[in-house]
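Encoded as structure tokens, the structure appears first; notes follow it.
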Amino acid sequence: MNTWQLTSYDETWAFLRTGIEHTFSDEKADPQRPCARELSRVVREVVQVRRWEKELYNALCEELQSQADACVSRCTDVTTVAAAWRSFSSSLGTVVTVFRCLDAALRVGLDPVYRVGTTCLRRSLEQRGLYEPLVRELVQMTRARLDEGTINDCRACVECLRKLDWYSSTDSEGPYLEELVLRDARDRFTREACAPAQCCREYVRRVGAALDACAATFLSSTTVPLLESVVVEHLVAPAIAHVVASGAGALLDEALGGDASAVHVLTRLGGLCRRGDALCDLQRAVSTHAAKLARQTLSAPDERVGFEVLKLLDALTTIVEAAFTIESVEAVPTDVWDAFNRKEETPATWGAKCVEDAMEAALNEEDERFAVCAARCFDATLRTDKTPSLRLFRLCRAKDVFEATYRADLGLRLLGHLTTKTSHGALGREHDAIKSLENECGASYVAKLEGMCVDALRSRAMVKGFAHAIANPTLLTRGPWPAYPECTLVLPPLLARAKVEFEQWYASHHQGRKLHWHCDLGSCAVQAKYATDTLVLDVVPAQACFLLVLDDGVCLSREALSTKVGLDGASFDTVAASLIEARLIVCEDDVYEATRKRPVNGTVAPPRHDAAAPLRARVADAVRKDRAYAVDAAIVRVMKARRTLPQKRLVADVLRALVHPAAEGDVMARVESLVEREYLESSSPGVFNYLP
């Protein structure tokens, strides 16, 4: 179209008005009507050449008002307002594009075309009184579950209110939609807070649903944090500490029982604690319950309860890490993040650290027993040719008890590897385990353990020149090995002769050395012949002596059998019980006899009696003596450096110098002993001097 044919303003405005009416109409596009590009040329001519921008601006305002009135005339509720806004907003966008030259030419103080359109629409809604019912309906819809179409209509209404400056209160008078929604949320959540949940799960479900509703709302993204703060203020902050204290333990028990939903509930509970500034309460609840479970597990009478403690530790740390790990740094409150930085811990390790610290404190209430259980667990894992976990060892404070107990079991394992002609691979695994302990506590801690391994590796070479058809002795040095009790076992004639032959061979090759025999620590292969079968039984020497004495249908009383094998008391009962359990001998009326039938289920290797039990029984006394020596040495070192110290300072310095757990009473008992032996003197009450 040639715009120069529009000679007057009235003709030009009539042309533009026709285009505006066509833009706001619901009719299909008419190719005979002017397009947006042609209208833009006309506007540019009017503004830049004819200079009719003032008249055009006033006429456009009147036309937009009439179009807004026509659009609002069909509105009654949220759905119709949303449809009207979509239509009006789309058409207004086209008008703004057409009249952009007018926007550029307007003087300061005049609203742009888009602002004029939204103001006209707001005026039309005010005249029809639609604002209050519309806002009231939107507030009610924030409480309900809506379908996708209704949510889209609500979002369109919210967008309309934001464009019309009716969404949130700024400098103008309210109340507007955001304020009314927050006021309704406060009233609703206050009523919910007055009805406490029946359990922790119910509380987490209710508060989680409220927070999920806030996140999924059709309101503006700026309103979501305000709604969440209302939930935190009325539902989380007042009750979260009590809920955590009363329900976190039950959720942990359910998670340990295999309930996957409990882990999800714990995850939501951790999120609520972060929002409600209750992380300290959560840590306290988790620590308390972990300590309680650790005490219950360790209270079992069996010393092999270490496996159960390790399973509990692994399960708890896995559950707590899965539930309470913070996914992003932004999710952590500033003060809590600063606290993590001060502790030099990352949020990802908070759960495991909390559980480990609590279980360490609880398990070491009986530090010596826990050390024994940890050592037995370590030993049992190595017996299955697996790599033992160091988690229990790291929690153990009485590491000297652990070392003494572990050394007693290590000796039997090494002897078993040697006497059964096991390859050096098993000894290599033992050495690797000792190296891992060395990495934790240093070379001095494992000096005796390494000496035992080295001695075991050299033992075969030392007896390489001795050959015997029945016996294969193992030669060890006495230093690093535990002080095994003297052997009273009466060996069978064949083994007794082999023993004498080895003593003669050893004396001929090594002068000035003395042998001490521990016949009960070896291993024997006994051939058992039954009516239709022959078995080879792998037994210890004490069990072999029992079987050989009772051979050929011999029946012996307890006294006679005890005399022939050289065992009595608890040792006799332990060996006899192991053979009876294996169905190799029977006992009736205190008379023992070998079974004449093949053992049930093809039992070949009977249960071995625990030869290390006497050593472990003496571990406590031995460790107590070693600790006394260590405390004496620490006191002397401190006093030699300080010369004179008051009691409190002396006790504090000595406790810092010790590597094993000790109390003030233990230190003072050794101080009194040193005073009696004239290493120290008390110059005045509570003050001690070193005597050179």
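One is the number of the first residue; the rest follow in order along the sequence.
The shortest side-chain heavy-atom distance between Val95 and Leu60 falls under the 4.5 Å cut-off. In this structure, Val309 and Met359 have side chains that are in contact, with non-hydrogen atoms separated by less than 4.5 Å. Side-chain contact between Asp165 and Arg122: present, with at least one pair of heavy atoms (C-beta onward) separated by less than 4.5 Å. No side-chain heavy atom of Val98 sits under 4.5 Å from any side-chain heavy atom of Ile20. Annotation: side chain of Ser287 is not in contact with side chain of Arg284 (no heavy-atom distance under 4.5 Å). The side-chain heavy atoms of Thr223 and Leu227, taken from C-beta on, include a pair separated by under 4.5 Å. Residues Leu130 and Thr76 have side chains not in contact (no heavy-atom distance under 4.5 Å, counting atoms from C-beta outward). By the 4.5 Å heavy-atom criterion applied to side chains, Arg391 and Asp314 are counted as neighbours.
The salt bridge (charged side-chain N to carboxylate O under 4.0 Å, His left out) check on Glu438 picks up Lys435, with sequence neighbours excluded. Take Glu228 and apply the salt bridge (charged side-chain N to carboxylate O under 4.0 Å, His left out) test, not counting sequence neighbours, and it matches Arg275. For Arg656, the side-chain contact (heavy atoms from CB on, under 4.5 Å) partners two or more places apart in sequence, or in a different chain, are Ala652, Asp653. Listed by chain and number, the residues in a side-chain hydrogen bond (donor to acceptor under 3.5 Å, both in side chains) with Arg143 are Asp184 (sequence neighbours excluded). Applying the side-chain hydrogen bond (donor to acceptor under 3.5 Å, both in side chains) rule to Asn58 yields no partners; only residues at least two apart in sequence or on another chain are considered. Partners of Cys373 according to the side-chain contact (heavy atoms from CB on, under 4.5 Å) rule, which considers only residues two or more places apart in sequence or in another chain, are Leu298, Val305, Arg369. Annotation: salt bridge (charged side-chain N to carboxylate O under 4.0 Å, His left out) contacts of Glu137 (sequence neighbours excluded): none. Among residues two or more places apart in sequence or in another chain, the side-chain hydrogen bond (donor to acceptor under 3.5 Å, both in side chains) test is passed with Arg86 by Asp153.
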Full working for salt bridge (charged side-chain N to carboxylate O under 4.0 Å, His left out) between Arg205 and Glu202: CA-CA 5 Å; Arg205 185 201 62 77; Glu202 175 63 23; 2.7 Å; yes
Derivation and outcome, side chain to side chain contact (heavy atoms under 4.5 Å, CB included), residues Cys273 and Asp281: CA-CA 8 Å; Cys273 289; Asp281 298 289; over 6 Å; no
Intermediate values then yes/no, salt bridge (charged side-chain N to carboxylate O under 4.0 Å, His left out), Arg17 and Glu21: CA-CA 6 Å; Arg17 182 178 181 182; Glu21 290 177 349; 3.3 Å; yes
Salt bridge (charged side-chain N to carboxylate O under 4.0 Å, His left out) assessment of Arg155 paired with Glu159: CA-CA 6 Å; Arg155 287 174 178 166; Glu159 181 185 1; over 6 Å; no
Test salt bridge (charged side-chain N to carboxylate O under 4.0 Å, His left out) applied to Arg295 and Glu366, step by step: CA-CA 9 Å; Arg295 293 189 191 96; Glu366 301 181 32; over 6 Å; no
Verdict with reasoning, Glu440 to Lys399, per side chain to side chain contact (heavy atoms under 4.5 Å, CB included): CA-CA 11 Å; Glu440 295 288 331; Lys399 288 185 169 54; 5.9 Å; no
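For the 3.5 Å distance criterion, the side chains of Glu308 and Thr297 fail to qualify, holding no donor opposite an acceptor. Side-chain contact annotation: Ser66 with Asp69, donor-acceptor N/O pair under 3.5 Å absent. Looking at Asp187 and Thr190, their side chains never bring a donor and an acceptor atom within 3.5 Å of each other.
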Which side-chain N or O atoms in residues 211-222 pair as donor and acceptor under 3.5 Å with protein atoms at least two apart or in another chain?
from, atom 1, to, atom 2, distance (Å)
Asp212, OD1, Arg268, NH2, 3.4
Thr217, OG1, Leu219, N, 3.3
Ser220, OG, Thr222, N, 3.3
Ser220, OG, Thr222, OG1, 3.1

Show me the side-chain donor-acceptor pairs of residues 240-260 shorter than 3.5 Å, one per line, residues at least two apart or across chains.
from, atom 1, to, atom 2, distance (Å)
Ser246, OG, His242, O, 2.8
Ser246, OG, Val243, O, 3.4
Asp253, OD1, His289, NE2, 2.7
Asp253, OD2, His289, NE2, 3.3
Glu254, OE1, Arg201, NE, 3.1
Glu254, OE1, Arg201, NH2, 2.9
Asp259, OD1, Ser261, N, 3.1
Asp259, OD1, Ser261, OG, 2.6
Asp259, OD2, Arg201, NH2, 2.8
Asp259, OD2, Ser261, OG, 3.2

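Among residue pairs with one or both ends in residues 70-89, those qualifying as ring pair (Phe, Tyr, Trp, His ring centres under 6.0 Å) are Phe24-Phe88; sequence neighbours excluded. Residues in residues 118-162 take part in these ring pair (Phe, Tyr, Trp, His ring centres under 6.0 Å) pairs, two or more places apart or across chains: Tyr131-Trp166.
When all heavy atoms are compared, the tightest approach of Leu134 to Cys157 is CD1-SG, 4.1 Å. Across all non-hydrogen atoms, the minimal contact from Ala398 to Asn364 is N-OD1, 4.3 Å. Tyr57 approaches Val116 most closely through the heavy-atom pair OH-CG2, 3.4 Å.
Of the possible donor and acceptor atoms, one in the side chain of Tyr203 sits under 3.5 Å from a partner among the backbone N and O of Leu235. In this structure, the side chain of Thr150 does not engage the main chain of Leu146 through any donor-acceptor pair within 3.5 Å. Side chain of Ser91 to backbone of Thr23: a donor-acceptor contact under 3.5 angstrom is found. Although no hydrogens or angles enter the test, the distance criterion places a donor-acceptor pair under 3.5 Å between the side chain of Thr118 and the main chain of Arg115. Between the side chain of Ser124 and the backbone N or O of Cys120, at least one donor-acceptor pair lies under 3.5 Å. Although no hydrogens or angles enter the test, the distance criterion places a donor-acceptor pair under 3.5 Å between the side chain of Asn152 and the main chain of Glu148. When atom types are taken as modelled, the side chain of Arg100 and the backbone of Thr97 share a donor-acceptor pair closer than 3.5 angstrom.
With respect to Glu356 and Arg394, no salt bridge is recorded, no charged nitrogen being found less than 4.0 Å from a carboxylate O.
Rounding to the nearest 0.5 Å places OG of Ser229 at 9.5 Å from NE2 of His234. To the nearest 0.5 Å, atoms OH (Tyr176) and OG (Ser168) are separated by 9.0 Å. Gln65 CD to Leu121 CG: the interatomic distance, rounded to the nearest 0.5 Å, is 9.0 Å. Note that CZ of Arg162 and CD of Glu178 are 9.5 Å apart. Values are rounded to the nearest 0.5 Å.
Checked against the 6.0 Å centroid criterion, the rings of Phe378 and Phe393 do not qualify as a close aromatic pair.
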